**Student:** 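Below you will find the structure I want to go over with you.
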Protein chains: 2
Amino acid sequence: MGRRLSICSSIDDCDLAILASESSRMTVADGRSFIEEGAPANDFFVVTGGRVKLFTLLPDGRRQITGFAEGGDFLGLAASTSYAFGAEALGGATLCRFPHAGMQRLTERFPSLEHRLREEASRELALMQARMTLLGRKTARERVATFLIERCSHLDRPDPAHPIELDLPMPRTDIADYLGLTIETVSRILSAFKKEKLINIRSITHITLLAPERISMIAEGME
Amino acid sequence: MGRRLSICSSIDDCDLAILASESSRMTVADGRSFIEEGAPANDFFVVTGGRVKLFTLLPDGRRQITGFAEGGDFLGLAASTSYAFGAEALGGATLCRFPHAGMQRLTERFPSLEHRLREEASRELALMQARMTLLGRKTARERVATFLIERCSHLDRPDPAHPIELDLPMPRTDIADYLGLTIETVSRILSAFKKEKLINIRSITHITLLAPERISMIAEGME
DNA sequence: CCATCACCTTGACCTGAATCAAGTCTGGTA
DNA sequence: TACCAGACTTGATTCAGGTCAAGGTGATGG
């Protein structure tokens, strides 16, 4: 979790070699899991490329995707002694792995890093509160609308009230598990949005928001 | 948010007067709101007594309670420039208010404080992931069971498999808004648990868990 | 001791989303 | 170009939980 600002931004002109010496790069193939929920949390990760999904599971296999992470995002902040979530690459990802011990050396050497990490955690905390409202109180329609709008803010939004090209790199299953719905419901609602000329479905992964403003309204329950 | 470890624990034997000089105490009466969602975030709070509920609202009044906080918990970490949530006293609360500027002076003076804050944010992050799973994937029965079990862990659990006395200081409305249900559903499920001899309802606020183990199972969807 | 009010419980009914069950589309392969 | 497998869509039906509507309960005050 975390966004847009690399871990390096708090180290700036300091010796990047030190940072490199405390971390190791890794590549994770599509669909491969690299954090096991409940496993001892030994590492902290930064996503450097591709995408990743975070999730928790119930014993019977029900899954809640708690977030998607991409380049620049932090993972493993929510660390006590064991991970509170699992993580899996979404179409291949590259990561920087920082063992906790190394992390500690880094924060000692670059105290401002600690602040950055807190900032990052706080930002994520705010996002999660919005997501709890989505899961606890929004209708299926509102959830899907919120998801589409959320995806927009990932790319630097040009101007609202204009069509926006989106790609949804995750399968419907992941969207459903993120929104607390079933794939059928997600599919039906996207179709409904299309019928209402709110979106255009160019391909499974490519969607155009034709009326971003209206979708925002729907997302907030003000349609 | 945050739990059990006062902010002071990272300052230890240092001059508490400095801490006091950067903060002010405040008392909030039952039901009074002291953080307005979306308002500029100028302060950081520590709950020193009583209880507090945190929530977000949708424009039409739907409410999601994102957490309850009590003595020792931190509030306002999720701070960008504006609060991501509202906060309201639950039966009267006392707080310590730290203006952000003062907070910064404190973290400069006591660098370990920064680490404590991150730790706190991370802990909260982990809790929120569990809550997202609750809201996105659990049934009403599982949610209420989870809520009861969660309340247990607030008091230092003596031994499982033995009856546990609980008090639920919040009205049903708050429980419902916390679990993403209606008051009727919460009420019905508590009644059902009573009928199944899983709990005993001594009064509206006093509940005895007769079979904590079984309730835990239900909470995880393994009944 | 009763009235009142706020909160909670219970019941009857309804509905949004899940489930179950076919189709359909897409991209890869031969 | 045709075939196949996996992912998506669509339709019919069901059901968990919401909504609407009475009661019940218990603390406060007259």
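The model shown is predicted, which means the values in this text are computed figures rather than measured ones. Just so it is clear: chains get the letters A, B, ... in the order the sequence lines come, proteins before strands, and each one is counted from 1.
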**Student:** For a quick check of understanding: with a heavy-atom distance under 4.0 Å over all strands, which category does B:Ser191 fall into, base, sugar-phosphate or nothing?
**Tutor:**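 Sugar-phosphate: the residue B:Ser191, judged by heavy atoms under 4.0 Å, touches backbone atoms but no base.
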**Student:** With sequence neighbours excluded, tell me which residues meet salt bridge (charged side-chain N to carboxylate O under 4.0 Å, His left out) with B:Glu150.
**Tutor:**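 In terms of salt bridge (charged side-chain N to carboxylate O under 4.0 Å, His left out), with neighbours along the sequence ignored, B:Glu150 is linked to no residue.
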**Student:** Go through A:Gln129 and B:Thr56 one step at a time and tell me if the side-chain hydrogen bond (donor to acceptor under 3.5 Å, both in side chains) criterion holds.
**Tutor:** CA-CA 7 Å; A:Gln129 288 193 300; B:Thr56 55; over 6 Å; no
**Student:** Strictly by side-chain hydrogen bond (donor to acceptor under 3.5 Å, both in side chains), give each pair with a member in residues 189-199 of chain A just once, sequence neighbours left out.
**Tutor:**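 Matches after skipping sequence neighbours: A:Arg141-A:Glu196.
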**Student:** Between B:Thr182 and A:Pro171, name the one whose nearest nucleotide on DNA chain D is closer to the 5' end.
**Tutor:**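 Whichever sits nearer the 5' end wins; that is A:Pro171.
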**Student:** Below 4.0 angstrom, N of the basic side chain to O of the carboxylate: do A:Arg63 and A:Asp174 qualify?
**Tutor:**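 Yes, charged N to carboxylate O under 4.0 Å.
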**Student:** Do any of residues 192-208 of chain B sit with a heavy atom less than 4.0 Å from DNA chain D, and if so which?
**Tutor:**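 Here the set is empty: none.
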**Student:** Considering only heavy atoms of chain A and a distance under 4.0 Å, specify the first and last nucleotide of DNA chain C in 5' to 3' order that meet this criterion.
**Tutor:**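 Nucleotide range with atoms under 4.0 Å of chain A: C:dA17 to C:dC20.
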**Student:** Is A:Glu165 salt-bridged to A:Arg202, going by a charged N under 4.0 Å from an acidic O?
**Tutor:**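 Looking at A:Glu165 and A:Arg202, the cut-off is met.
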**Student:** Among side-chain atoms of A:Tyr178 and A:Arg143, is any donor-acceptor pair under 3.5 angstrom?
**Tutor:**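 Result is no, nothing qualifies.
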**Student:** If you look at every strand shown and take non-hydrogen atoms under 4.0 Å, does B:Leu181 touch a base, only sugar-phosphate, or nothing?
**Tutor:**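 Here B:Leu181 touches the backbone only, sparing every base.
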**Student:** Donor-acceptor pairs are to be reported for all side-chain atoms of residues 180-188 of chain A against protein atoms at under 3.5 Å, with residues two or more places apart or in another chain.
**Tutor:**
residue, atom, partner, partner atom, Å
A:Thr182, OG1, A:Thr185, N, 3.3
A:Thr182, OG1, A:Thr185, OG1, 3.1

**Student:** According to salt bridge (charged side-chain N to carboxylate O under 4.0 Å, His left out), does anything in residues 80-90 of chain A pair up with another residue at least two apart or in another chain? List the pairs.
**Tutor:**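 Output for this query lists A:Lys53-A:Glu88.
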**Student:** Let me test you: for the helix from C:dC1-D:dG30 to C:dA30-D:dT1, what is the angle between the axes at its two ends (five pairs each), rounded to 10 degrees?
**Tutor:**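 Inter-axis angle at the ends, rounded: 20°.
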**Student:** Suppose we screen for side-chain contact (heavy atoms from CB on, under 4.5 Å). Which residues come up paired with B:Ala121, at least two apart in sequence or across chains?
**Tutor:**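 For B:Ala121, the residues satisfying side-chain contact (heavy atoms from CB on, under 4.5 Å) (neighbours in sequence not counted) are A:Ala121, A:Leu125, B:Leu77.
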**Student:** What are the 5'-most and 3'-most nucleotides of DNA chain D lying under 4.0 Å from any heavy atom of chain B?
**Tutor:**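 Terminal contacting nucleotides, 5' to 3': D:dG17 to D:dC20.
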**Student:** State whether B:Arg116 and B:Glu120 are salt-bridged, where the test is any N-O pair (Lys NZ or Arg NE/NH1/NH2 against Asp/Glu carboxylate O) under 4.0 Å.
**Tutor:**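 Yes, this pair counts.
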**Student:** Among residues at least two apart in sequence or on other chains, which ones pass salt bridge (charged side-chain N to carboxylate O under 4.0 Å, His left out) with B:Arg172?
**Tutor:**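 Checked B:Arg172 against salt bridge (charged side-chain N to carboxylate O under 4.0 Å, His left out); zero matches.
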**Student:** Using a 4.0 Å cut-off on heavy atoms, which residues in residues 135-144 of chain B reach DNA chain C? List them by number, or say none.
**Tutor:**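 Those residues whose heavy atoms fall under 4.0 Å from DNA chain C, taken from residues 135-144 of chain B, amount to none.
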**Student:** Identify every side-chain donor-acceptor pair in residues 24-37 of chain A under 3.5 Å, counting partners at least two apart or on other chains, and give the distances.
**Tutor:**
residue, atom, partner, partner atom, Å
A:Asp30, OD1, A:Gly91, N, 2.7
A:Glu37, OE1, A:Leu57, N, 2.9

**Student:** Quick one: does B:Asp43's side chain get under 4.5 Å of B:Tyr83's, heavy atoms only?
**Tutor:**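 Yes, at least one pair of side-chain atoms sits under 4.5 Å.
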